[in-house]
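Here the structure comes first, spelled out in structure tokens, and everything after it is commentary.
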Amino acid sequence: MGRGMIPVPSVPIRIGFLLLVLVVIIHDLVVGVIILTVLRAAGLLAAHVGTGLGTALSWCVLPYIIPDLVKIALALLLSRKLRAILKLS
């Protein structure tokens with residue numbers, strides 16, 4: 001088996017892999033934000049028995065909503081810019 005028999009990834013395969021990575025990152029970011037939001041509130045409720053849901057949300061969720069939304073918006077902006085650079089639909 002000579003050197004010519006070694007499969008080398010082509011450019012479309014590499015571009016497709018990069019797009020797949022971006023999709024996974026954005027998906028994981030959104031899902032991660034949702035999971036962390038639930039865990040923050042649940043953790044406060046568990047640590048302070050008697051703390052109401054409204055208090056838990058105001059302490060553990062509301063301060064993080066704007067930074068999390070900014071991260072999601074930046075990830076979407078980055079993916080659109082990269083799509084334009086790579087000239088994909």
Side-chain angles (χ1 to χ4, degrees):
M1 188 175 207
R3 182 162 170 83
M5 299 299 291
I6 298 173
V8 178
S10 64
V11 173
I13 291 174
R14 290 178 185 177
I15 291 172
F17 180 74
L18 288 174
L19 290 176
L20 176 65
V21 168
L22 283 174
V23 167
V24 168
I25 289 171
I26 292 171
H27 176 267
D28 288 349
L29 183 62
V30 172
V31 171
V33 165
I34 293 169
I35 291 171
L36 283 176
T37 301
V38 170
L39 291 177
R40 284 179 195 139
L44 181 70
L45 288 171
H48 301 284
V49 180
T51 300
L53 181 61
T55 303
L57 291 176
S58 67
W59 288 1
C60 298
V61 176
L62 294 179
Y64 299 100
I65 287 178
I66 292 176
D68 288 345
L69 290 176
V70 168
K71 286 188 285 185
I72 292 170
L74 287 174
L76 289 172
L77 180 66
L78 176 64
S79 69
R80 288 184 181 161
K81 292 283 185 183
L82 286 175
R83 187 180 312 146
I85 290 170
L86 297 174
K87 295 180 175 67
L88 300 171
S89 58

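Positions are given from 1, in the same order as the sequence printed here.
Counting Ile, Leu, Val, Met, Phe, Trp and Tyr side chains that sit under 4.5 Å apart, directly or through other members, Tyr64 stands alone, with no cluster partners. Leu74 shares a hydrophobic cluster with Ile66, Val70; the chain of contacts runs through ILVMFWY side chains whose heavy atoms sit under 4.5 Å apart.
Residues in residues 56-65 take part in no salt bridge (charged side-chain N to carboxylate O under 4.0 Å, His left out) pair, two or more places apart or across chains. Residue pairs meeting the salt bridge (charged side-chain N to carboxylate O under 4.0 Å, His left out) criterion with at least one partner in residues 50-76, sequence neighbours excluded, are Arg40-Asp68, Asp68-Lys71. Sorted by first and then second residue, the salt bridge (charged side-chain N to carboxylate O under 4.0 Å, His left out) pairs involving residues 17-27 (not counting sequence neighbours) form an empty list.
With sequence neighbours excluded, the residues that form a side chain to side chain contact (heavy atoms under 4.5 Å, CB included) with Leu69 are Ile65.
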